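Report on one structure; see the data block that follows.
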Protein chains: 2
Amino acid sequence: MRREFKKKSKVLLIDDNYEHLAGIRELLNIEGTFDVVGIATNITVGLNLIKKYQPDIVLLDMNMPEKDGLQGILEISKLDLDVKVLALSGYDDADLIFRAMKIGAKGYVLKTMASAQLIYAIEEVLNGKIYLPLALSSRFFEYFQQTFREENAKQETGEEEENLLDYLTQREKEVLELLTQGITYKGVANKLFISETTVKTHVNNIFQKLQVNDRTQAVLYAINNGFLSNKMRISA
Amino acid sequence: MRREFKKKSKVLLIDDNYEHLAGIRELLNIEGTFDVVGIATNITVGLNLIKKYQPDIVLLDMNMPEKDGLQGILEISKLDLDVKVLALSGYDDADLIFRAMKIGAKGYVLKTMASAQLIYAIEEVLNGKIYLPLALSSRFFEYFQQTFREENAKQETGEEEENLLDYLTQREKEVLELLTQGITYKGVANKLFISETTVKTHVNNIFQKLQVNDRTQAVLYAINNGFLSNKMRISA
DNA sequence: AAAGATATAGACCAAAAGATTAACACAATG
DNA sequence: CATTGTGTTAATCTTTTGGTCTATATCTTT
């Protein structure tokens, strides 16, 4: 079988530090399997280059003046091209790492890391993987767990701590459900095929059980206690 | 300087598969730096052993009948001892990894991984670090980003899409802020030292600007558009 | 100086919300 | 079987809310 020419991956660099920029370009050129199709010292220029050259991967410095790296990631992904972003940073700022990964960075490496690790990271990302060096993923997870600690604490004690919503009857929950959509009593009455006054009675009972005095407070209680829209919730 | 005796770390194993349990115990005994203080084939027994022996670390199988591993982690952390949990699993189920890490597991390793890696993971965790093998952290991050993708999509277009809240004047925001607490017009009037009719005027303007017809809807709009309680929100 | 936006507030009316009381059904309990 | 309790239904009455219109004072911008 004839050996195929491996197509070089197109890489684009964005870093406000030109020294560093040139250094990486040199490194990647020497490595030989990459084709640095463009370099930019700010995001605006970088975005244009991305549109022009459609690189496979962008190495994006996180710590830049004016537009910061996070904004850059968002804008790159808004281009809706198949460009992977590998974040570069001088510091292992957990919050920055967390947010970068959250908005879709495919990896995050420190500038202080060995060239070999950078190369490896780029390759992993190009292969569709997500790469965070152990040191950074460790930082990430600390931050991640800390972010959820409070929520977890609630969850842990959540079994003992009474959720007033549990005291509502089925019918009352139905009514509350509709209230949380900003529907009037009349509207609720129509939806449930009962009279408006009946709805009021239910609502009054709801108020008492939730220990609130009006619908706004009831709706707030419902939302804050897992009645709806629990995206990131853990049920155990 | 005299060499001190290194105190062996106390390890406790919980796994419903006795074969595997014995295997790990053997491995750790051979290694020599660990002291396996107890083994259990279910969580209930395991919890008692933890209370009794106060191990430094617990290797906890995630895939167990009756109580699953996640529940186990929660219950262990509820003991409020300084016990680190290293999750063990036969599969690299992204959801399981995500949830385990979220509720505080200090690490997650696959049973299929080499012994050396298990030893290393245990040591890292004992040293206060959080350890996820590259393969698993990769899975984790895929899941993590997927979880946020929807939210990100909103965020990305969030700049163009107008947030009606921006049209509110400062005073109107103050009023809305109070409305979201379920305070009556009279109450708002008192808090802001203005007349009740003025509050009504503001509220009316708010309704028009937010394109809603009543306070409940206004409050819901406010909450859904970043007016308050944005725990896990990313601002960019 | 004029125009525009903002904060203030009164009057009036209609609609909705909230409090109180009560009837009916049904299940559990003594 | 009577009783007690709970849940659903509903009417009446009072308070709050919301709509509309008008109006004044202040402040900024043109």
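Every chain is numbered from 1 and lettered A, B, ... according to where its sequence line falls, protein lines coming before strand lines. Computed from a prediction, not measured in an experiment: that's the story for all the values here.
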- Query: Do NZ/NE/NH1/NH2 and the carboxylate oxygens of B:D61 and B:K111 come within less than 4.0 Å?
  - Reply: yes
- Can you pull out how bent the helix from C:dA1-D:dT30 to C:dG30-D:dC1 is, comparing the axes over its first five and last five pairs, to 10°? 30°
- Query: In terms of ring plane angle, is the pair B:F144 and B:F98 parallel, tilted or perpendicular, where the classes change at 30° and 60°?
  - Reply: tilted
- Task: Using only side-chain N and O atoms of B:N204, determine if any of them is under 4.0 Å from OP1 or OP2 of D:dG19.
- Result: yes
- Message: Less than 4.0 angstrom between a side-chain N/O of A:Y185 and OP1 or OP2 of C:dG18, yes or no?
- Response: yes
- Counting just side-chain N and O atoms, does B:T169 come under 4.0 Å of either OP1 or OP2 of C:dA7? yes
- Message: On DNA chain C, does the nearest nucleotide to A:T216 precede the nearest nucleotide to B:T201 from the 5' side, or the other way round? Give the residue.
- Response: B:T201
- Query: B:F140 and A:F141: aromatic ring centres closer than 6.0 Å?
  - Reply: yes
- Item | Among C:dA7, D:dA10, C:dT20, the nucleotide that comes nearest once only the side chain of B:H202 is considered | C:dA7
- Query: Between C:dA16 and A:R215, is there an OP1 or OP2 to side-chain N/O distance shorter than 4.0 Å?
  - Reply: no
- Among D:dT16, D:dA10, D:dG19, which is the nearest nucleotide to the side chain of B:F207? D:dG19
- Task: Ignoring backbone atoms, establish whether A:K200 has a side-chain N or O less than 4.0 Å from OP1 or OP2 of C:dA19.
- Result: no
- Task: Could you say whether A:I183 or B:Q170 is positioned toward the 5' end of DNA chain C, judged by the nucleotide with the nearest heavy atom to each?
- Result: B:Q170
- Query: When you measure from the side chain of B:K209, which nucleotide among D:dT9, C:dG18, C:dT6 comes out closest?
  - Reply: C:dT6
- Which residues, if any, of residues 189-199 of chain B bring a heavy atom under 4.0 Å of DNA chain D? none
